[in-house]
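A, B, ... follow the sequence lines: proteins, then strands. Residue 1 opens every chain. Nothing here was measured: the structure is a model prediction, and the numbers come from that model.
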Amino acid sequence: MKSEPDVFSIWDLMAKGTSGWDGVRNFQARNFLRAMRKGDRAFFYHSNADPPCIVGEVEIVKEAYPDPTQFDPKSHYYDDSSNPKDPRWSQVDVRFVREFPRPLTLQEIKGIKPLREMVLVTRGRLSVQPVASAEWNLIVGICGRR
DNA sequence: GCCAACGTTGGC
DNA sequence: GCCAACGTTGGC
């Protein structure tokens with residue numbers, strides 16, 4: 001799950017404990033949000049950061065429900081074409097699990113052969129995306145220790 | 001700040 | 001249903 005740290009960083013989540021993951025306005029990303037199940041883990045990725053990197057781990061604590069910002073005209077994420085009877089956009093709630101002792105930069109990921117096929121690399125613009133279990137285990141193995 | 005990649009919109 | 005125009009993402 002990607003977020004720009006200037007907007008919402010893993011340290012913001014650490015301070016809050018849990019947070020709604022709102023503002024997703026891409027259908028594919030939304031569909032991946034809807035596929036998430038309570039207890040699932042996800043990486044927290046800092047996009048548009050210097051350097052862009054995987055910084056930690058979160059847990060899904062509430063499955064997809066309508067993202068309220070789509071109905072808030074004052075919100076940056078307001079979508080006047082979304083029908084309240086059939087909301088277009090969803091969010092999940094996530095809980096901070098940990099910040100990795102060693103973040104993994106996109107540049108490093110591209111240099112690790114088994115990670116080159118990650119959606120992160122091949123479909124760079126997708127902000128919520130699946131991670132294969134082999135990829136997950138490899139990354140946790142690298143990031144989990146300093 | 002630039003720009004490649006690519007998703008979305010809307011005319012036809 | 002196609003595709004041009006346009007907007008956004010996100011790395012660099």
Undergrad: Looking at the rings of A:Tyr65 and A:Trp89, which for Trp means the six-membered one, are their centres under 6.0 Å apart?
TA: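 Distance test on ring centres: not under 6.0 Å, no.
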
Undergrad: Walk me through whether A:Tyr77 and A:Gln91 qualify under side-chain contact (heavy atoms from CB on, under 4.5 Å).
TA: CA-CA 12 Å; A:Tyr77 300 115; A:Gln91 68 175 61; over 6 Å; no

Undergrad: Do the side-chain N and O atoms of A:Ser82 and A:Arg25 include a donor-acceptor pair separated by under 3.5 angstrom?
TA: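 Side chains of A:Ser82 and A:Arg25: no pair found under 3.5 Å.
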
Undergrad: Check A:Leu115 against A:Val121 and note the closest heavy-atom contact, atom names and distance.
TA: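 Between these two residues, the closest heavy atoms are O-CG2, 3.8 Å.
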
Undergrad: Output yes when A:Arg98 and A:Glu57 qualify as a salt bridge under the 4.0 Å nitrogen-oxygen rule, no when they do not.
TA: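 Yes, this pair counts.
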
Undergrad: Is it the case that the side chains of A:Asp12 and A:Ser9 hold a donor-acceptor pair, with the cut-off being a distance below 3.5 Å and no angle test?
TA: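 Short answer, yes.
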
Undergrad: Which residues within residues 104-118 of chain A lie with some heavy atom under 4.0 Å of an atom in DNA chain C?
TA: A:Leu106, A:Lys110

Undergrad: When the axes are fitted on five pairs at both termini, how much does the helix from B:dG1-C:dC12 to B:dC12-C:dG1 curve, in 10° steps?
TA: 10°

Undergrad: If a protein heavy atom is under 4.0 Å from the base, mark B; if only from the sugar-phosphate, S; if neither, -; do that for nucleotides 4-12 of chain B going 5' to 3'.
TA: -BBSS----

Undergrad: Taking side-chain hydrogen bond (donor to acceptor under 3.5 Å, both in side chains) as the cut-off, I'd like each qualifying pair that reaches into residues 44-53 of chain A, sequence neighbours left out, listed once.
TA: A:Glu4-A:Asn48

Undergrad: Does the side chain of A:Gln70 pick up a donor-acceptor pair with the side chain of A:Tyr78 at under 3.5 Å?
TA: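 Distance-only check fails for A:Gln70 and A:Tyr78.
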
Undergrad: Do any pairs count as a ring-ring contact (aromatic ring centres under 6.0 Å, His included) and have a residue in residues 109-146 of chain A, sequence neighbours left out, and if so which ones?
TA: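 Every pair satisfying ring-ring contact (aromatic ring centres under 6.0 Å, His included) with a residue in residues 109-146 of chain A: A:Phe43-A:Trp136.
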
Undergrad: Under the side-chain hydrogen bond (donor to acceptor under 3.5 Å, both in side chains) definition, can you give me all pairs with a residue in residues 110-132 of chain A, not counting sequence neighbours?
TA: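 The answer is A:Gln28-A:Arg123.
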
